[in-house]
Structure formats: structure tokens, C-alpha cells
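Read the numbers this way: they start at 1 and go in the same order the structure lists the ligands and their atoms.
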Amino acid sequence: MSLMASYTVIGGPSSEQLGRKIASKLKSKYIGSELRIFPDGESKITLKDKLKGRILVVQSVYPPVDSNLVRALALVSEARRYSSHVYAVVPYLGYARQDRQFLPNEIVTISLVAKLFKAAGASRIIVVDIHSMMALEHFQIPAKNVTAIQELVKYFKKLNLKDPVVVSPDMGGAQRARNFADLLGVQFIALEKHRDRKSGEVRIKSGNHHKVRGRDIILVDDMISTGNSIVKAAQFLKKQRCGRIYASCTHALLIGDAEKRIKKAGVTRIISTNTIPGKTGIVDVSPVIAKAIV
Ligand code: R5P
């Protein structure tokens with residue numbers, strides 16, 4: 001007899017494939033959703049079956065961020081009508097980077113997002129490799145971060161890399177990169193990145209890193225958005241005459257021509273997870289999410 005509780009898993013419009021995989025890992029019923037967008041931009045979601053039991057709503061909040069957020073909240077609100085156990089599984093949570101005031105009078109929007117999930121009826125929220133744990137402190141429901149690092153490391157273990165070194169593009173991501181390096185059993189370094197808070201411009205401030213000469217690099221970050229952080233880090237490392245450069249992240253937003261610019265900067269390959277579907281999203285996070293649920 002299985003001791004696993006039974007769930008109903010809703011795959012929201014942004015996370016259908018991942019929702020299916022999570023349902024299969026939990027041996028639970030999967031319910032898909034159909035999205036219609038009206039000419040004025042409103043979303044209308046229709047569920048493909050009836051809801052019951054403990055319900056998981058799987059819906060990443062990537063671009064269009066505001067629309068995907070409203071869709072997540074609508075699904076949670078609908079689920080709450082049928083269950084008092086509604087888990088919001090938001091593998092990529094947009095707005096998480098707005099977790100504190102960087103400049104005076106800025107609005108900390110994650111605080112509103114946190115209130116909205118509670119108001120919609122979520123009893124808990126599960127995210128993957130959130131930008132900072134501070135974002136989760138705004139939630140007044142149990143909030144859990146799960147990491148995809150071990151899954152990404154499993155992938156890199158299969159590659160035949162030359163004396164690899166793990167590099168964090170900034171000090172803020174140093175602990176993440178250190179964990180990645182420890183699991184892979186290799187060295188790590190962190191670069192010093194400066195981002196202008198007004199213009200968004202990124203600069204790498206570090207001096208020479210002779211440690212990287214001739215060695216393959218794995219750049220590790222939580223997310224790639226415009227690609228500027230990875231581009232600057234790759235250009236810096238290439239000047240230090242490193243070997244091949246791989247970029248690994250959990251969430252690959254790859255806005256605009258980010259992928260093209262990253263490749264042009266000398267990155268051989270980008271490897272990310274399926275928190276955001278796309279051609280780089282080859283590492284599956286459903287095992288770690290399913291494990292966090294049971
Ligand atoms: C910043 O601290 C984050 O960890 C990422 O490095 C950053 O958000 C990536 O953004 P972009 O690709 O636009 O540089």
C-alpha cells in the first residue's frame with residue numbers, strides 16, 4: 001500500500017509539461033488548462049476536468065509576467081473553491097528580484113505578490129532556486145524554496161570537461177556556485193560584478209584570475225534574463241584565456257537576443273531547467289519538486 005497522499009495537479013498555461021511530469025512523479029491526476037486571450041489582453045482559463053482533494057497549481061511566472069501572475073492567481077482561487085489544501089507551485093517566480101528597496105521610494109513589489117497568493121487561497125507556495133531567500137520572507141503562508149542544483153550538476157557530470165572551474169558572475173551568487181562546485185567536486189571562484197541601479201549597466205570589476213587559464217568554465221547563476229551578466233563574465237574570462245565556457249542556470253528567460261549575444265561572447269552552450277520551457281531547458285526539476293511535496 002502506498003503512503004503517498006493523492007493530489008490533483010493542475011498544469012497552468014505556462015507550465016503544462018512540467019505539471020504533467022510532477023503529476024506523474026506523484027502518481028496523481030493531471031488536469032490541463034485551456035487559455036484564451038481576449039483582444040483586450042484579458043486571460044480566460046478553462047480547466048479540462050473537475051477538481052478535488054489536495055490541489056497543486058503549477059504555473060511559472062515568466063514573461064508575460066503580469067499575465068502569467070494573474071493566471072496563477074486565478075487557478076489558485078478556483079482550486080480553493082474545491083479544497084482547503086492548495087499548493088501554489090511557482091517554479092520561476094517573477095518579481096522575486098524586487099525583494100527590497102535598492103533606491104529610495106522604490107516599491108517592493110514581491111510584497112504585493114506574496115499578499116495576492118494568500119488572498120487567492122494558496123495554503124503554501126513552492127518555488128525553485130529563488131533569487132534570494134529574502135523574497136520568501138514577504139509571504140504569510142508557508143513558503144519553500146527547492147534547489148535544482150543537484151539536477152544541473154548531474155548533467156554536467158556527464159560532460160567531458162577539461163579541469164573545470166565553476167565561476168559565479170557575482171558575489172551575490174557565490175554560495176550557489178560554491179554548492180555547485182562542491183557537488184561536482186571542482187574548484188570555484190566568484191567575480192565581482194557591478195550593476196548600475198539606474199541604467200542597469202553591468203561591469204566586472206575583478207582583477208586577473210590566472211586560475212582559469214586553459215581550463216573549462218561553468219558559469220553558474222540563478223537566472224539569465226538580458227544575458228548581460230553572463231556576457232560580461234564570459235568576455236572577462238576569455239581575456240584570461242580560459243577554455244570552453246558553459247553557462248548553467250535554473251531559469252533561462254533569455255530576453256530578446258540574449259542567447260545570440262551570449263554565444264557571441266564565447267559561451268559554447270547554455271544549460272537550464274524546465275522551470276521555463278525552451279530549447280536550453282533540458283534539466284528536469286520535477287523530481288525535486290515532487291520530493292518537496294510529499
Ligand atoms: C543577479 O544578481 C542575478 O543573479 C542574475 O545574475 C541576473 O538577474 C541576470 O540578469 P541579466 O541576465 O539581465 O544580467
Side-chain angles (χ1 to χ4, degrees), residues 60-65 68 90-103 106 108-110 113 127-138 145-149 152 166-181 188-206 209 217-238 245-273 275-281 283 285:
S60 265
V61 174
Y62 56 78
V65 169
N68 275 328
V90 190
Y92 172 68
L93 177 63
Y95 286 107
R97 287 185 291 177
Q98 295 188 43
D99 59 358
R100 68 198 89 173
Q101 269 194 340
F102 295 99
L103 295 173
E106 278 180 350
V108 180
T109 308
I110 192 67
V113 172
V127 296
V128 181
D129 285 330
I130 193 142
H131 178 65
S132 83
M133 293 307 283
M134 199 181 271
L136 292 187
E137 287 169 18
H138 295 271
N145 179 61
V146 301
T147 181
I149 288 184
L152 286 157
V166 169
V167 179
S168 170
D170 54 37
M171 293 295 172
Q175 191 54 49
R176 183 181 306 114
R178 186 191 290 276
N179 294 345
F180 193 110
F188 115 100
I189 56 171
L191 303 179
E192 223 182 300
K193 178 177 93 178
H194 175 76
R195 187 189 288 272
D196 184 303
R197 288 279 163 205
K198 284 209 166 119
S199 66
E201 198 200 325
V202 169
R203 258 180 327 114
I204 299 292
K205 290 201 316 192
S206 311
H209 274 289
I217 303 287
I218 308 169
L219 274 167
V220 171
D221 213 339
D222 56 330
M223 60 188 287
I224 303 176
S225 180
T226 62
N228 290 344
S229 304
I230 294 292
V231 165
K232 294 289 174 180
Q235 288 169 341
F236 173 84
L237 293 161
K238 279 288 173 197
I245 304 178
Y246 290 81
S248 168
C249 69
T250 303
H251 316 290
L253 291 167
L254 295 171
I255 304 297
D257 61 352
E259 190 175 356
K260 204 165 132 198
R261 289 188 300 106
I262 289 171
K263 294 274 171 69
K264 194 167 164 221
V267 173
T268 305
R269 229 169 130 191
I270 304 167
I271 287 119
S272 65
T273 76
T275 59
I276 297 174
K279 76 170 192 280
T280 65
V283 173
V285 294

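Atoms CG and OG1, on Asp221 and Thr250 in that order, are 9.0 Å from each other to the nearest 0.5 Å.
Residues Val127 and Leu136 have side chains in contact (heavy-atom distance under 4.5 Å, counting atoms from C-beta outward). With a 4.5 Å cut-off on side-chain heavy atoms, Asn228 and Arg261 count as touching.
For Tyr92, the ring pair (Phe, Tyr, Trp, His ring centres under 6.0 Å) partners at least two apart in sequence or on another chain are His251. Scanning for side-chain hydrogen bond (donor to acceptor under 3.5 Å, both in side chains) contacts around Thr109 gives Gln98, with sequence neighbours left out. The side-chain hydrogen bond (donor to acceptor under 3.5 Å, both in side chains) search around Arg269 returns Tyr155, not counting sequence neighbours.
Protein neighbours of ligand 1 below 4.0 Å, counting non-hydrogen atoms: Arg97, His131, Asp170, Lys193, Arg195, Asp221, Asp222, Met223, Ile224, Ser225, Thr226, Gly227, Asn228, Ser229.
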